[in-house]
Amino acid sequence: MSAGAILAIAFIYSLVPSRSSGDEATFTAIRGTMSIDVLEGGTIEATQAQIIKSKVEGRDGTTILKIIDEGYQVTEQDVKNELILVELDSSAIVERIKSQETEVQGALANLMEYVKQREIRESANLSSIKDASVKAKFALMDFQKYLGESAAQKILDDIGISADSIEEEAGERSAAGASLFASSLLDAANGNAIKGDGDEVLMDGLSDPDPLLDQWGGANEQDLLPEIREYDVDFGKFAQEGNEKLLGDGDARQELRKLKDAVLIAEAEFALKKKTYEGAVRLADKGFITPNELQNKKIDFDKSQNSLASTKATLKLFQTYNIQKEAEQFLLNYEQALMRLSRAKKDAIAEMADSVGDLNRAERYYRWEKKQLNDLRKQYIACTIKAERPGLVVYGDGSDRWDPDEIIREGAKVRERQAIITIPDMRHMAVKVRIHESQVKRVRKGMPVKISVDAEPDKALTGEVDNVGVLPDSENRRFNPDQKVYKTSIKIAGVHDWLKPGMAAEGRIIIRIIPDIVMIPVQAVFNHKNVTFCCIKSGSNIETRVIQIDDYNNRFAAIKSGVEEGEVVLLQKPEEIDLTRIEALPPANKAKAQSIES
């Protein structure tokens, strides 16, 4: 007799147990090949599927205007023809698009206005800088013209005045007010930035500035005061005797030459007048000239003497005071011109920074409004869902829909990200079953499975365990919290056109095959104080016999020792059985007994 026939006979025996004369339910032990398996029922599902979800934003959801019939088979031709599967209500989005287009146009006009203002400011600042630069250049030329180029440059180098030094000093003074506050505030402003799809910053954020203001504490006014420059240059030395060459051919040297020439002329005039007067005195003593003529000579002599003293005093004043005053004034004019140039540059930078800040804010606002408009347009396009791949149309995510708010139909509302249609891939199908906690530890990934579908019981399918749940099924726990079952996926081998998602199926997971083994029903196996036994009926006698179990399934136990083929076992423990003998026996197979009892 074949193993399959023996199992079939055993199954019939298990369903229709024999009755003895004492009316006890019995079973005759059989020998054959035993399949250790786990049998569970479940449903057919696709392991891979395209889930089409609503992309339309909104708390109240979007109404379904039209939807294709559930169960419709989408073909390749439907995909090419862009068959419409779902049409959502887009009227509210259209109104929002119109309003947003107005906002975008306003933001663009504002942006262009700031662009024009920036160009105007840039032109005005450039003009101011050029004017200040020319004035600084002219002031330097005046200073060089007065003292001479070499002397002026030597003095500038000695006291350290240049365009770069003025810029550096101005930068140090302005940096005193920036301190920690400016950098921290900028970091805070960029810290909560709103970003788009990529890394672009659409709108800067700003955290609470109060802690930063408290930490900054304000600028120190003394640090912001400009440093007063004091010059200790003796310009008079350039006009002293022997130092004229240091001046070069400037206005100061020309003035010095004129003054010295005037002194020379005055001295010559004085010498001549003196000599003439002395001659006139001698002539007057001899009576050759009148007293009036002598008096006239005396007047001319006094004038020449006064003129000489005046020219010498003028030279002295020039050497001591005038050259010092004029040179310092030209130097001060040049330094102030450099400061005005530096200030013009700083003002230009500040104004351009304000202009650029306004422009950047206008640009970010425009980009933000444009992004909002693009998002609305995308949502408008998302209101029409077209076929993208062939397959069977299933409403929702393919799971059981108990909540009436989750039912997909025309007129129903769907929220954002809610599944509307699922198109399963019919090439990858599986049976989803739930295995009891007492059996799940025996099931491993890759174990072979025999599958039968209720709709086609004559068509046997095969597969293997694809995945075993790690945690108990939370959905089942709601209905029966004491029962722990684990979701298990059984992958079906091959492609079968007649399989549909949702069909009821049964999977027999093959744990192991035991050849040539004695089998009795699990109902005939009893346990008392960790001792496994069965009740053997021989005629009118009932024998309590300790047994050893090799393995078991949900119907039969494989008997390793204790029962022979053909012996009759009771399927129910007699009430009058004496268990004192069992208690005295050593335990035979505690682990197997406990497993069967559970």
Side-chain angles (χ1 to χ4, degrees), residues 2-17 27 29-30 32-45 47 429-469 472-473 475-476 479-480 482-494 496 499 501-515 517-525 549-559 571 591-598:
S2 66
I6 294 175
L7 288 175
I9 293 173
F11 182 69
I12 294 173
Y13 273 121
S14 67
L15 294 178
V16 186
F27 182 86
I30 60 176
T33 300
M34 181 176 175
S35 173
I36 306 300
D37 52 44
V38 176
L39 180 65
E40 295 290 347
T43 56
I44 303 292
E45 294 182 9
T47 58
M429 306 294 282
V431 182
K432 303 293 184 178
V433 299
R434 291 179 174 88
I435 298 179
H436 192 270
E437 60 180 338
S438 63
Q439 301 286 346
V440 71
K441 60 183 178 181
R442 311 179 71 187
V443 179
R444 299 288 183 273
K445 181 178 180 179
M447 286 184 171
V449 183
K450 294 180 179 180
I451 303 168
S452 62
V453 181
D454 293 358
E456 298 285 347
D458 297 334
K459 296 180 179 180
L461 304 177
T462 60
E464 64 178 24
V465 177
D466 184 53
N467 181 39
V468 180
D473 182 18
E475 295 180 4
N476 184 79
F479 303 103
N480 190 353
D482 296 330
Q483 186 184 35
K484 303 294 189 299
V485 294
Y486 294 77
K487 286 184 177 181
T488 302
S489 177
I490 300 172
K491 182 169 62 176
I492 300 175
H496 309 278
L499 278 179
M503 286 183 171
E506 189 177 61
R508 187 182 299 275
I509 304 173
I510 308 301
I511 306 298
R512 59 181 289 208
I513 301 295
I514 306 177
I517 193 72
V518 176
M519 295 173 286
I520 63 174
V522 293
Q523 296 93 329
V525 178
I549 297 176
D550 187 342
D551 211 330
Y552 63 93
N553 56 26
N554 57 347
R555 300 176 307 281
F556 290 97
I559 306 303
L571 299 180
K592 296 296 182 182
Q594 291 173 350
S595 299
I596 294 180
E597 285 277 317
S598 62

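Start at 1 with the first residue, then count along the sequence. For the numbers below, each heavy atom of this structure counts, side chains included, while hydrogens, waters and symmetry mates do not.
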When rounded to the nearest 0.5 Å, the distance separating OG1 of Thr488 from CG of Asp466 is 10.5 Å

Looking only at heavy atoms, the pair that brings Met519 and Gly32 closest together is CE-N, 3.8 Å

pair Asp37-Arg555: side-chain heavy atoms closer than 4.5 Å: yes

For Ser489, the side-chain hydrogen bond (donor to acceptor under 3.5 Å, both in side chains) test, sequence neighbours excluded, returns Lys432

query = Would you say Tyr486 and Arg434 make side-chain contact, with heavy atoms under 4.5 Å?
reply = no

Closest non-hydrogen atoms of Phe556 and Pro521, given as atom of the first, atom of the second and distance, are CD2-N, 3.8 Å

Separation between CZ (Arg512) and CE (Met447), nearest 0.5 Å, reads 11.0 Å

Discussion item. Would you say that Glu506 contacts Leu39 through its side chain, given a criterion of any heavy-atom pair below 4.5 Å between the two side chains?
Written reply: yes

One should read off an interatomic distance between Arg508 CZ and Thr462 OG1, to the nearest 0.5 angstrom, of 14.5 Å

Open item on the list: In the structure I gave you, are the side-chain heavy atoms of Leu461 and His496 within less than 4.5 Å of one another anywhere?
Closed with: yes

Correct closest heavy-atom pair for Ala524 and Leu571 would be CB-CD2, 4.0 Å

### Message
Is the shortest side-chain heavy-atom distance between Val525 and Gln523 below 4.5 Å?
### Response
no

All heavy atoms of Val518 vs all of Ala29, minimum pair found to be CG1-CB, 3.9 Å

d(Ile490 CD1, Thr47 OG1) to nearest 0.5 Å is 13.0 Å

For this session: Test side chain to side chain contact (heavy atoms under 4.5 Å, CB included) on Gln483 and His436 and set out the steps.
Result: CA-CA 8 Å; Gln483 186 184 35; His436 192 270; 4.0 Å; yes

- Message: Is there a side-chain contact between Ile510 and Val38 in this structure, where contact means two heavy atoms from C-beta onward sitting under 4.5 Å apart?
- Response: no

Value for CE (Met429) from CD (Glu45), rounded to nearest 0.5 Å, stands at 9.0 Å

Ionic contact status for Asp551 with Arg442, cut-off 4.0 Å:
yes

Residues at least two apart in sequence or cross-chain that pass side-chain contact (heavy atoms from CB on, under 4.5 Å) with Ala558, listed by chain then number, are Met34, Ile514, Ile517, Asp550

Of all heavy-atom pairs linking Ile435 and Glu40, the shortest is CG1-CG, 4.0 Å

Here the gap from Asn553 atom CG to Ile36 atom CD1, rounded to the nearest 0.5 Å, amounts to 5.0 Å

Are the side chains of Ile44 and Val431 in contact, using a 4.5 Å heavy-atom criterion? yes

